[in-house]
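In what follows, a structure is listed as structure tokens, so that the remarks can point back to it.
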Amino acid sequence: MTGVNDEQLLVRQWRELLALHAYTVGSLDRELQRFGLGASDFEVLDVLVQSDSGDDRGLYVHELADLVHLSQSAVSRLVARLTRDALVTRKECSTDRRRVRVILTNAGRERHGEARPVQLAILRQKLGEAASTTPAGH
């Protein structure tokens, strides 16, 4: 009956992964509130900062959705909120008005820089805790 044990182990590992994700995102949401951001808001800014080549090209909404693992509609709502807060701007594609580029503003870059140390500290703490409690070989 090793198949059942293997399946149980696999399901347990999956649930532990989900719990770690929920625990970490919850901590990020709480701590990033002081910067006026949630975990997903920060993730969008972080991806934009990492892709920033200084030419204000930004990323299309569908590209952001793929990179932050959210639906396009969820990213569109996030971008609307970040636009209201002047952290990003939106620019319609000249050849296809349905496509929108999201461009990081200076204020967005600054807010990201302020919040980044907090995000890194939480990741170190939560992922470090998970690594120290995970049995070897799993």
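For clarity, every value in this text was computed on a predicted model and none was experimentally measured.
- Rounded to the nearest 0.5 Å, atoms CD (Glu31) and CZ (Arg34) are 5.0 Å apart.
- For the pair Thr24 (side chain) and His21 (backbone), a donor-acceptor distance under 3.5 Å is absent.
- Taking every heavy atom of both residues into account, Ser76 and Val61 meet most closely at OG-CG1, 3.7 Å.
- Within the 4.5 Å cutoff, no side-chain heavy atoms of Leu82 are placed close to those of Thr105.
- How far CD of Glu43 is from CG of Leu37: 11.5 Å, rounded to the nearest 0.5 Å.
- A chain of hydrophobic side-chain contacts below 4.5 Å, direct or via other Ile, Leu, Val, Met, Phe, Trp or Tyr residues, connects Val68 to Leu87.
- Cluster membership for Leu70 and Val79, using ILVMFWY side-chain heavy atoms within less than 4.5 angstrom, is shared.
- Note that NE2 of His62 is 9.5 Å distant from CG of Leu67, once rounded to the nearest 0.5 Å.
- Closest of all the heavy-atom pairs between Arg90 and Val100 is CB-CG1, 3.8 Å.
- Rounding to the nearest 0.5 Å places CG of Leu59 at 10.0 Å from CG of Leu104.
- At least one side-chain heavy atom of Phe35 sits under 4.5 Å from a side-chain heavy atom of Val118.
- Atom CG of Leu48 sits about 5.0 Å away from atom CG of Leu64, to the nearest 0.5 Å.
- Between Phe42 and Arg116, some side-chain heavy-atom pair lies under the 4.5 Å cut-off.
- With Val11 as reference, Arg15 is the one residue of Gln8, Arg15, Gln13 to meet the side chain to side chain contact (heavy atoms under 4.5 Å, CB included) rule.
- Summarising the geometry, atom CD1 belonging to Ile122 is positioned 6.0 Å from atom OG belonging to Ser27; distances are rounded to the nearest 0.5 Å.
- Under a 3.5 Å cut-off, the side chain of Asp29 and the backbone N or O of Ala39 do form a donor-acceptor pair.
- Linking ILVMFWY residues whenever their side-chain heavy atoms come closer than 4.5 Å, directly or via other members, places Leu123 and Leu20 in the same cluster.
- Side-chain heavy atoms closer than 4.5 Å link hydrophobic residues (I, L, V, M, F, W, Y) into clusters, and following such links, possibly through other members, connects Val49 to Val47.
- A donor-acceptor contact under 3.5 angstrom links the side chains of Gln50 and Asp46, judged on distance only.
- Linking Ile, Leu, Val, Met, Phe, Trp and Tyr whenever their side-chain heavy atoms come within less than 4.5 Å puts Leu127 and Leu28 in one cluster.
- Put simply, the side chain of Thr83 never gets that close to the backbone of Thr89: no donor and acceptor are under 3.5 Å apart.
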